[in-house]
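Computed from heavy atoms alone, side chains included, the values below leave out hydrogens, waters and symmetry copies. Along the sequence shown, residues carry numbers from 1. Whatever order the structure lists them in is the order used to number ligands and atoms, beginning at 1.
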Amino acid sequence: NLVCSELEDLWSLLPSLPLSSSFSLSPSSVLGLGALASITAYWLVTRPRPMRPPCDLKAQSVAVNVSEARRSAILKDDTLLEFYYDDTRTAYDMFQRGLMISGSGPCLGFRKPGQPYEWISYTEVAEQAQVLGSGLLAKGCQPNPEQFVGIYAQNRPEWIISELACYTYSMAVVPLYDTLGLEAMVHILNLAEISVVICDREEKAASLLENKEKGTTPKLSCLVLFNDFSQAFVERAKSCEVEVLKLEQLMVSWGTLTNCPCIKILPYKMFDCLRGFAVCRCLNLICPLCFFCSFHFSFFSQGSFEIQQDDVSISYLPLAHMFERMIQVSMFCYGARVGFYQGDISLLMDDIKTLKPTFFPVVPRLLNRIYDKILGSVTSPFRRALLNYAVKRKQAELSSGVVRNNSLWDKLVFNKIQESLGGNLRFALTASAPISPAVLSFLRATLGCLIFEGYGQTECTAGCTFSMPGDCSTGHVGAPLPCAMVKVVDIPEMNYYAKNGEGEICIRGPSVFRGYLRDPEKTAEALDSDGWLHSGDVGQWLQNGTLRIIDRKKHIFKLAQGEYIAPEKIENVYMRCVPVLQVFVHGDSLQSYLIGIVVPDPEVFVDWAKDRGFVGSYEELCQNPDVKKAVLEDMSAVGREARLNSFEQVKDLYLHPEMFSVANGLLTPTLKSRRADIRRHFQEQISSMYSKKAN
Ligand SMILES: *[C@@H]1O[C@H](CO)[C@@H](O)[C@H](O)[C@H]1NC(C)=O
Ligand SMILES: *[C@@H]1O[C@H](CO)[C@@H](O)[C@H](O)[C@H]1NC(C)=O
Ligand SMILES: *[C@@H]1O[C@H](CO)[C@@H](O)[C@H](O)[C@H]1NC(C)=O
């Protein structure tokens with residue numbers, strides 16, 4: 001349930017990112033060690049002044065009057081922030097604000113292979129959205145928030161234009177995505193009574209048409225495509241009473257309407273996002289502003305940190321998820337730019353170099369890869385020593401609140417790394433899963449930009465806590481945002497008690513969703529009668545008022561000797577191992593130790609094994625007992641480093657050559673492990689591992 005933790009899993013399903021050899025130390029870094037002393041002296045002299053945090057970092061949240069909850073220390077009293085700008089309350093308003101600020105300035109960027117970015121202006125986006133929205137009305141959509149329009153496409157400008165088209169006429173967007181799986185897709189199309197779906201390519205439209213042909217989605221009547229499509233497809237659609245149009249055609253159809261209906265624009269007040277089989281309805285959009293408004297509070301007087309009109313972010317995380325959509329509307333609110341990747345994750349680094357983003361939204365898995373790549377590129381002992389020394393110096397500077405990319409260390413050691421990310425980064429935001437403190441602190445030093453960590457989930461419009469500007473410490477997810485109150489409640493069976501500052505994290509406030517669309521039962525499970533959203537995550541309040549995520553509420557079992565095991569926590573640790581792509585940790589009260597099912601990462605496994613003297617294909621390596629032993633050793637080492645107890649370490653493994661996926665029934669539509677099904681599926685291997693050890 002961590003912010004769209006689907007995202008993180010989704011990422012693991014994408015082909016891994018070839019970071020090429022772009023991460024290397026600058027040639028100029030080959031210096032005599034003797035020079036280090038004088039560099040240090042120079043650094044001391046040129047050290048800039050630290051950033052002023054918006055509140056005392058030793059007391060980032062305070063107890064709410066007569067309640068066990070806590071709220072942001074930035075707030076003056078217990079009144080939560082609902083809107084940052086009084087006239088900016090919806091996604092539509094936020095775009096309008098950007099339009100007002102930027103006008104004909106660039107808004108959405110895209111590129112063809114090898115070309116520079118081309119930009120569509122705010123004015124053009126607003127105009128196209130209005131015309132497209134009118135076109136949707138001409139196709140029978142009603143201008144009200146109960147009208148759902150599907151969008152089934154990769155991130156690209158048309159996605160945003162279509163979304164804004166809906167908001168312009170108070171309609172709601174339901175994003176669809178591939179990994180949702182057929183069953184969930186059909187369920188959602190019917191639940192939201194969707195008649196029009198906007199798609200990027202014919203293949204996607206065809207998969208929707210297939211359902212219509214089978215009679216499972218009777219309401220579907222119109223498919224709108226970004227790309228060209230075949231005449232055969234039009235005929236096929238016609239035979240099951242579905243109209244197929246190009247996006248431009250829909251826009252033209254408005255222009256040709258002679259009797260244009262007069263439409264009263266009701267700016268869209270709700271924000272919908274898919275959550276597995278459900279559609280989340282969030283009342284309004286304060287959260288994205290809250291994400292960034294702590295910056296305002298802190299830097300308003302200095303004016304040195306808030307999103308600015310010349311900020312640029314790169315869009316590659318799936319727009320079907322709240323995290324990416326929140327980021328985009330936040331950018332629009334300030335009249336800033338969003339550049340889209342080409343749609344091919346293997347070209348992402350090239351897109352980043354070309355776009356030169358100032359803002360990099362990212363998930364821990366990608367940051368881990370960047371970290372591994374940097375360390376992997378430094379082989380000579382001298383360079384490694386230099387890197388470590390430089391990182392230590394930068395970290396010391398960071399701990400006193402100084403964030404910069406122009407120290408001598410940046411110039412000498414880190415500039416190649418920074419250039420490979422475009423050389424313009426001002427800040428990054430990681431969410432969706434916990435990030436290792438070591439990786440975060442290393443990257444804060446080497447990238448020389450602010451890296452924030454957020455925590456939340458779709459049901460609270462993506463964010464409920466956020467790390468404070470100026471706080472460069474790690475191991476927590478920051479304090480509650482000004483729009484949310486957070487409390488922890490007892491979980492006796494797991495021995496967590498609120499009186500000790502530990503328990504299930506619950507969230508209340510205007511950013512919490514109103515419920516799942518047409519699903520009161522599931523809504524009641526998530527939202528209690530007092531309006532608290534139960535997250536299922538276990539948190540701990542730290543002395544300085546920040547929150548640390550320590551566990552997940554569900555999935556807990558006892559081993560034979562009575563030790564409690566939370567397998568997901570252990571799996572998160574093992575995910576840090578280079579050869580591991582997916583891992584499932586198993587045990588039960590009849591056994592005294594844990595075992596694991598591991599799917600090795602196809603991108604790196606063969607090379608990883610080769611480095612250790614094992615040769616063979618991916619499948620062969622999976623069957624090699626010595627390779628298994630090497631993987632197990634690697635996992636144990638990572639486990640020790642993360643301070644797993646010895647009973648929390650797996651004692652045997654099975655290497656499985658096929659990914660857990662939605663298609664093979666081992667992942668849920670939100671890409672979480674179906675634990676019971678995985679257990680059943682691997683029953684034979686599990687029994688054999690336990691019987692082998694017993695002998
Ligand atoms: C706390 O709430 C009580 C009752 O609502 C009120 O009388 C008291 O003044 C409040 N204290 C503070 C510090 O706001
Ligand atoms: C350093 O950071 C500033 C903004 O803080 C940015 O404008 C500049 O491009 C960055 N330079 C490099 C080399 O990353
Ligand atoms: C907040 O407390 C945690 C845990 O004690 C610590 O690791 C972190 O450095 C502290 N942060 C600040 C800014 O004091």
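Separation of the Phe466 and Phe452 ring centroids falls under the 6.0 Å cut-off.
The presence of a protein heavy atom under 4.0 Å from atom 14 (O) of ligand 3 is confirmed.
Scanning Thr474, Thr546, Asn544 for the heavy atom closest to atom 10 (C) of ligand 3 points to Asn544.
For the pair Ser473 and ligand 3, the shortest N or O to N or O distance falls below 3.5 Å.
Close approach to Asp471 involves these atoms of ligand 3, each under 4.0 Å from a residue heavy atom: 13 (C). Applying the 4.0 Å criterion to heavy atoms of Leu542 picks out, from ligand 3, the atoms 3 (C), 4 (C).
The aromatic rings of Tyr389 and Trp409 sit perpendicular, their planes meeting at an angle over 60°, well past the 30° parallel limit.
Residue Lys58 places a heavy atom less than 4.0 Å from ligand 3.
Relative to the ring axis of Tyr497, Lys499 places its NZ or CZ within 45° and under 6.0 Å from the centre.
Residues satisfying the side chain to side chain donor-acceptor pair (under 3.5 Å) criterion with Thr446, sequence neighbours excluded, are absent altogether.
A salt bridge does not link Arg404 with Asp410: none of the charged nitrogens is closer than 4.0 Å to a carboxylate oxygen.
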